[in-house]
Amino acid sequence: MFESRQNILELHDVVVNFGVINALKSISLHIKTGDIVTLIGANGAGKTTTLRAISGLVPIKSGRIIYQGDDISLLKPHQIVRNGIAHVPEGRMVFANLSVLENLQMGAYLQQDKKVIKSQMDYVYSIFPRLKERIKQTAGTLSGGEQQMLAIGRALMSCPKFLMLDEPSLGIAPLLVKNIFEKIVEINRQQGLTILLVEQNANLALDISTYGYVLESGKIIVQDNSQVLKTNPEIRKAYLGG
Amino acid sequence: MDGIYDSQGGIRSNFHIILFSSNSPANLCRVTEFFQQIINGLSLGAIYALIALGYTMVYGVLRFINFAHSDIFMVGAFSGYFFSRFFPSESIFGGISVVFLSMLVCAFLGMLIERVAYRPLRGSSKLNVLITAIGVSMFLEYSFQVKLTKPLSFPVLFPTMSFTLPGGIILSSTQVLVFVMTLLLLIALQYIVLYTKMGTAMRAVSFNPMAASLVGINNDAVISFTFGLGSALAAAGGILYSLNYPSIEPLMGVLPGLKAFVAAVLGGIGNIPGAALGGLLLGVIETFVNGSRYSTYTDAIAFTLLIIILIFRPSGLLGKVTVEKV
Ligand SMILES: Nc1ncnc2c1ncn2[C@@H]1O[C@H](COP(=O)(O)OP(=O)(O)OP(=O)(O)O)[C@@H](O)[C@H]1O
Ligand SMILES: [Mg+2]
């Protein structure tokens, strides 16, 4: 079957080095508009580095990052956000010294239109009603799960076309993880948002995604439809607990 | 000038005049003297506070001490001297215009220094930036010294008079000016930091620059704005200081700058209300020691007290003891 949808993001042979450490050894990814794609791999495989390279936080040594047809690999992080890419970083990184409301307002930093900000904020509250109850609360006093909701909400405030999530399940109770993953699917469906999901919890990630990449020591070792990856015996053994 | 500050810059308040002019019992005189010293101390401390804010704000966004900040204070005083020629002296309008223009000049200077000297070093080691800051400081000091062989006499910008309060406390119009202007600037600063988009971005960058860039904040623009804001406050401080100590010279910023830096640390470096509080406290302590019989050791005693406070509160009076949640 041929798909007519275009790739929203393509990585071509991206290399990232930290001094002598070769963190990404020629990574290539293709992400179709509207999909949820997952990137799984063990600790230190280079998942976070891949996302950081896309958002311009770490410079790439060689390769190209093509977003909606344009090479964005030389842009600064704030310019990349302006292009419609949002990144929920590993460890959430909410502004702990700011209130929940201020965090969301900062999420919409580049948005000038107050009406758009308002409607996007209402949308965020509709998916995470808990945030609405806590708008005045300092973000640092939120629970881990609530902070993750806030981090996702903050990213949504920029009205992105492409959303990257770095281990949203990290340090969160299983029940809440299930809830957050449901929300991720909901956001993907309702807003038509393309999502790149990095997860250690490969079972969950493959359940909600259409396509998956497996990263090992800075290299993509396998890629396939998520359902196929789930039945791959080697992947099952290494990442899905047998 | 009305004699509350003597030419050495010490605050040898004229309480003896009050002594003879009021026929109150001795203990009332001590009360009067006490309040007089508080007023003198606060008006000196307000100036320290204005300088300290710049140190603390820049530290907040860059985690680095801008050693050239005390020279911005000096440039503020010299800009005031320069602009005073174009306005009537001893007038409120003229005075305010001079202060405003000098704040503008220093805001640009601060932003220029950041752009030219510090930004290219972003990401390199803290020590490199620190050494550069010392270099910028010397550059400013010595470029002024090349042009100036002797101190200049700072003009009387605002109308001067003094008020005698009940109990014989004397309040000069310069002190009133210092209080009013510092208060207004502090309110404006709090408003900017707490209620504007740029101020919120400053707090965001200060907490986590990486997360800030991921929401679309241009960290460089925020840092530049912070330098501008801090430098403008230092300029206001420089002029207010020169109204009290009207002899200005290129090294005039060194000591007040050092004290303001200590005030910022005392209040909790990176903490804005802390810097204001630290400045006021330092001014009051210094004034009291100066008015006592240990006045020769003023700075030594003031600094010892500060060290003692910091032993008990290492992160400063209003600084956070907690570690950032990861
Ligand atoms: N700033 C850095 N400086 C030096 N090395 C780094 C830096 N960031 C990452 N690395 C190294 O790059 C490699 C990939 O790290 P990365 O954080 O991308 O892994 P990850 O797949 O996200 O792992 P985890 O699942 O633990 O989050 C690791 O070996 C790491 O030590
Ligand atoms: Mg990671």
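Below, chains carry the letters A, B, ... as their sequence lines are ordered, and counting in each starts from 1. For the numbers below, each heavy atom of this structure counts, side chains included, while hydrogens, waters and symmetry mates do not.
Counting heavy-atom pairs closer than 4.5 Å to chain B, the top-ranked of the candidates Met106(A), Arg52(A), Met93(A) is Met106(A). Ranked by non-hydrogen atom pairs under 4.5 Å with chain B, the options His87(A), Lys76(A), Glu102(A), His78(A) are led by His78(A). Per-residue counts of heavy-atom pairs under 4.5 Å with chain B were compared for Gln105(A), Met157(A), Arg154(A); the largest is that of Arg154(A).
The ring-ring contact (aromatic ring centres under 6.0 Å, His included) test with Phe261(B) is passed by exactly one of Phe73(B), Tyr59(B), Tyr55(B), Tyr48(B): Tyr55(B).
Every residue meeting the side-chain contact (heavy atoms from CB on, under 4.5 Å) condition with Asn219(B), not counting sequence neighbours, appears here in chain and number order: Val205(B), Pro209(B), Ala212(B), Ser213(B), Ile217(B).
Of the two parts of Val88(A), neither the backbone nor the side chain holds a non-hydrogen atom closer than 4.5 Å to a non-hydrogen atom of chain B.
Summarising the local packing, CZ of Arg82(A) is surrounded by 12 or fewer heavy atoms from other residues, nucleotides or ligands at distances under 6.0 Å.
Using modelled atom types, one finds a donor on one side chain and an acceptor on the other under 3.5 Å when comparing Asn66(B) with Tyr118(B). Side-chain contact annotation: Glu90(A) with Thr48(A), donor-acceptor N/O pair under 3.5 Å present. No donor-acceptor contact under 3.5 angstrom links the side chains of Thr194(A) and Asp35(A), judged on distance only. A donor-acceptor contact under 3.5 angstrom links the side chains of Ser169(A) and Glu199(A), judged on distance only.
Annotation: residues 178-194 of chain B contacts chain A through Leu194(B) [non-hydrogen atoms, separation under 4.5 Å].
Ion pairing between a basic and an acidic side chain is recognised when a charged N comes within 4.0 Å of a carboxylate O; Glu10(A) and Arg64(A) show no such pairing.
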